[in-house]
Amino acid sequence: MLNTLPLLEKTPFPSLNRVGVSVLQVNLGYLCNQSCLHCHVNAGTKRKEIMDKETILVVIDYLAHSDSVKTLDLTGGAPELNPHFRQLVVAAADKGVRVIDRCNLTILSEPGQEDTAEFLAEYNVQIIASMPCYQKENVDSQRGKGVYERSIEGLQKLNSLGYGKPGTGMELNLVYNPLGPYLPPAQSALEVDYKKILKEKHGIVFNHLLTLANMPIQRFGSTLMSKGQFDDYMELLKDSHQDANLSTVMCRELISVDWQGYVYDCDFNQMLKLPMRMGDKIKPHLRELINLDLGGAPIVVRGHCFGCTAGQGSSCGGALS
């Protein structure tokens, strides 16, 4: 895997400071049942990194002592493959914290995961599901053969449990990633197309479409470099930067925790091994942040951050503008 960090360091980005911490994003490990081309985590079936029970308990302890965190955002890999996934969901739900599961949909039909959808519904976990296109050929080319059909089956199962349907309060959002080195189209217009086609072809309904730009790091960054497209893509991101997006980038109210419990300003910095700075502490652990106010703390930025401010902006919650 080619290291894009030296190239990213050559592109300065405006300084940022954190407002606070309302979202705790936790990466439960890089093990996944898929190996997608756009995956900035470089997750896959052979990855061994996975959060252990001791670190899970640190996350639960952090939530127990925090009055500011309103959302626990669980990601991976496939977060559901962590053996302590359900314990963490239940603990957060008991505290009244909203839980998000970043689900790849195909996990719902994996052996041993047959009741996962029902579990998510029981605790009203919000689902953000990867669906990079409504066309079979595009999905399978990015995520693997047969993924489209299994994703459709997963969505239909979630719909049968009430997800995405009006009046249920069970939120199902889909995620679009571009198939190549260009910015996502307008989120609102693309959402209309997604809803129309998925409803007509498969009877599927969902709440919102979230458009995310591909980050020039890990697997996607390596692909850009191998094709000689890295510099052009970085130039596109920088030229498309919008100052207005700086006030709403996700890192201002989010911290990202890796599978070992170390803390980063965002999931992308985690993948680049750029930990949060806390005074003289270069690589803080979550247990060291319990009861600490992180408001005003500087955020570590590099050139890839233009991926969040380019055009309509991009965050874990979709477009910024």
Enumerate donor-acceptor pairs with a distance under 3.5 Å from any side-chain N or O in residues 51-59 to protein atoms, sequence neighbours excluded.
from : atom 1 : to  : atom 2 : distance (Å)
D52  : OD1    : E54 : N      : 3.4
D52  : OD1    : T55 : N      : 2.9
D52  : OD1    : T55 : OG1    : 2.8

Name each donor-acceptor pair under 3.5 Å that joins a side chain in residues 290-310 to protein atoms two or more places apart or in another chain, with its distance.
from : atom 1 : to   : atom 2 : distance (Å)
D293 : OD1    : G295 : N      : 3.0
H304 : NE2    : N269 : OD1    : 2.8
T309 : OG1    : H241 : ND1    : 2.7

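Partners of L320 according to the side chain to side chain contact (heavy atoms under 4.5 Å, CB included) rule, which considers only residues two or more places apart in sequence or in another chain, are N245, T248, V249, S315. When the ring-ring contact (aromatic ring centres under 6.0 Å, His included) test is applied to Y176, no partner is found at least two apart in sequence or on another chain. R252 meets the salt bridge (charged side-chain N to carboxylate O under 4.0 Å, His left out) test with no other residue; sequence neighbours excluded. Remark: D239 engages no residue in a salt bridge (charged side-chain N to carboxylate O under 4.0 Å, His left out) (not counting sequence neighbours). Among residues two or more places apart in sequence or in another chain, the salt bridge (charged side-chain N to carboxylate O under 4.0 Å, His left out) test is passed with E288 by K281. Take N17 and apply the side-chain hydrogen bond (donor to acceptor under 3.5 Å, both in side chains) test, not counting sequence neighbours, and it matches no residue. Considering only residues two or more places apart in sequence or on other chains, Y194 meets the ring-ring contact (aromatic ring centres under 6.0 Å, His included) condition with Y134. Scanning for salt bridge (charged side-chain N to carboxylate O under 4.0 Å, His left out) contacts around E191 gives K195, with sequence neighbours left out.
Counting non-hydrogen atoms of neighbouring residues, nucleotides and ligands closer than 6.0 angstrom, the NZ atom of K95 exceeds 12 such neighbours.
Residue pairs that meet the salt bridge (Lys or Arg N to Asp or Glu O under 4.0 Å) test with at least one member in residues 59-69, sequence neighbours left out, do not exist here. Residue pairs meeting the salt bridge (Lys or Arg N to Asp or Glu O under 4.0 Å) criterion with at least one partner in residues 68-91, sequence neighbours excluded, are D73-R102, R86-D115.
M250 is not connected to V23 by any chain of hydrophobic side-chain contacts under 4.5 Å among Ile, Leu, Val, Met, Phe, Trp and Tyr, and they are in different clusters.
Salt-bridge check for D265 with R277: failed, with every basic side-chain N at 4.0 Å or more from each acidic carboxylate O.
In plain terms, the two heavy atoms of L16 and C251 that are nearest each other are CD1-SG, 3.9 Å.
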